[in-house]
Number of protein chains: 2
Amino acid sequence: MDGVVAYIRRLIERGEIRAGHRLPAERELARRIGVSRPTVRAGLQTLVAMQILHARPGAGTFVADGPPRFGTEPLSFLAALHGFTRDEMFEARRALEVSVAGLAAERARPEQLAGLADEVTSMFASLQDPQTFLIHDIRFHRAVGAASGNPILASLVEMVAAMFYEQRRKTAGRAHDLTSTAAAHRKIYQAIRARDGARAQAAMNEHLLAAQQEQASEELRLVKIGAPPLGTQKG
Amino acid sequence: MDGVVAYIRRLIERGEIRAGHRLPAERELARRIGVSRPTVRAGLQTLVAMQILHARPGAGTFVADGPPRFGTEPLSFLAALHGFTRDEMFEARRALEVSVAGLAAERARPEQLAGLADEVTSMFASLQDPQTFLIHDIRFHRAVGAASGNPILASLVEMVAAMFYEQRRKTAGRAHDLTSTAAAHRKIYQAIRARDGARAQAAMNEHLLAAQQEQASEELRLVKIGAPPLGTQKG
DNA sequence: ATCCCGAATTGGTCTGACCAAGAACTTGGA
DNA sequence: TCCAAGTTCTTGGTCAGACCAATTCGGGAT
């Protein structure tokens with residue numbers, strides 16, 4: 001089965017298969033590699049789990065295209081397993097995204113700036129809808145990651161953001177003060193647009209600290225009215 | 001198949017299965033969930049690919065124990081796919097590990113400090129053996145990640161370090177100046193031991209910058225003598 | 001009590017088959 | 001001639017049953 005993964009990897013490394021391309025059918029791969037189809041499927045499955053490949057029934061199996069991104073599930077599974085704390089999540093985000101914001105300020109291309117602006121606008125437009133707001137919130141952070149110009153960092157941000165989103169989606173109730181959150185994002189955007197790395201870093205740091213504190217008080221309030229916090233405490 | 005993943009996830013989230021535990025046999029799971037064994041295997045395979053589970057033939061399938069860690073392959077696969085640059089790798093490491101070093105300085109426990117010291121010692125002891133040196137180099141950085149006390153950051157460092165190791169292992173020839181590299185690590189260790197977060201960050205930053213520059217010149221030399229650089233250039 | 005061997009359990013692989021979703025080709029009508 | 005609808009083929013997803021190799025564990029011999 002490892003042979004299957006190695007075979008696919010060779011195809012990719014040799015450039016015979018590039019991003020977006022379709023790879024041979026499972027039956028064909030089985031014939032070429034000299035193993036059975038279940039074994040081929042096992043190998044492909046691990047690659048699909050990593051989101052290196054994605055399979056479409058009836059169409060074929062394709063190499064992931066677009067910006068590089070990992071599977072988002074691994075982190076959220078680890079979160080379920082080890083019970084990542086809310087504070088740990090924010091700390092990780094700060095460690096990562098503050099630097100990323102600085103890089104984004106240096107390198108963001110015009111269309112990426114426009115994308116950031118769009119997300120900020122959408123946030124202001126969905127102040128009354130916490131779920132929609134959350135989606136644009138996450139997308140803004142992913143966009144900052146992409147604007148950093150570093151695909152590795154973009155992938156890491158993507159990963160952490162996805163985990164965060166999954167955790168948050170359950171508890172994002174009628175949050176208050178979405179206005180100030182939106183304003184914080186605009187501040188980050190403006191700093192990036194102004195090519196001011198230091199200010200972008202500071203704004204990102206402040207935003208994440210504020211969000212952390214806000215969620216802490218929100219959780220406290222939920223506890224007061226009897227609702228148990230959802231899976232963010234240490235096991 | 002997604003149902004299988006969801007089922008396992010519920011087991012974990014409910015605490016019925018904890019880290020290190022063995023989960024029911026595939027045939028038993030198939031019976032409980034109401035699908036066939038191949039389907040169960042497909043689900044487990046995705047979890048194994050994420051290194052959430054690991055299977056031992058004849059023994060059973062177990063939930064990963066020890067410190068949380070992701071699959072290391074995804075990143076290296078992405079590296080093969082998108083051709084991450086050496087500079088991008090170092091930039092990502094700087095963004096991540098500088099902050100991590102600062103946290104480690106604040107929180108490293110005594111046994112973690114001892115572990116760091118051991119790795120530094122091993123590095124000095126293997127100045128004549130680049131491959132062994134590299135192993136301890138990576139282990140030092142992973143140890144710093146663990147010492148940060150944040151499992152998420154530790155996992156991210158683990159991931160990036162693994163990718164870096166895989167890339168480096170192929171080209172780590174008769175590197176020069178391993179002495180100064182070892183010294184740089186000792187400097188980081190000493191700063192962490194002294195609980196000086198700012199100094200730890202600075203030392204880590206300097207080390208990564210120096211290593212980046214050294215590898216750049218090393219690659220240049222390899223090109224001069226006719227050896228092509230190995231898979232670190234943009235595709 | 002200790003050691004060794006065999007039976008039972010378990011993950012890994014194989015064969016062969018069927019189903020549903022796309023894709024591609026054919027065919028009919030305009 | 002051109003387009004649209006329907007059929008056929010390909011492809012991934014699932015299922016069934018079987019065998020193998022590694023591991024575990026219990027029973028029997030020493």
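Reminder, nothing fancy here: chain letters follow the sequence lines and each chain counts from 1.
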Inset, instruction - Using a 4.0 Å heavy-atom cut-off, write out nucleotides 12-22 of chain C from 5' to 3' as B (base contacted by protein), S (sugar-phosphate only) or - (no contact). - result: BBSB-BB--BS
Legend entry - Pairs involving residues 110-140 of chain B, ordered by first then second residue, that meet ring pair (Phe, Tyr, Trp, His ring centres under 6.0 Å) (sequence neighbours left out): B/F140-B/H185
Inset, instruction - Compute whether any side-chain donor of one residue and acceptor of the other, for A/E91 and B/N150, lie under 3.5 angstrom apart. - result: yes
Legend entry - Sequence-distant partners of B/Y189, ring-ring contact (aromatic ring centres under 6.0 Å, His included), two or more places apart: none
Inset, instruction - Shoot me the first and last contacting nucleotide of DNA chain D against chain A, ordered 5' to 3', at under 4.0 angstrom to non-hydrogen atoms. - result: D/dT10 to D/dT14
Legend entry - ring-ring contact (aromatic ring centres under 6.0 Å, His included) partners for B/Y7, two or more places apart: none
Legend entry - Side-chain (B/T39) to main-chain (B/V35) donor-acceptor, under 3.5 angstrom: no
Inset, instruction - Sequence neighbours left out, what pairs pass salt bridge (Lys or Arg N to Asp or Glu O under 4.0 Å) with at least one residue falling in residues 37-48 of chain B? - result: B/E26-B/R37, B/E26-B/R41
Inset, instruction - May I ask you to say whether A/E28 pairs ionically with A/R22, meaning some side-chain N is under 4.0 Å from a carboxylate O? - result: no
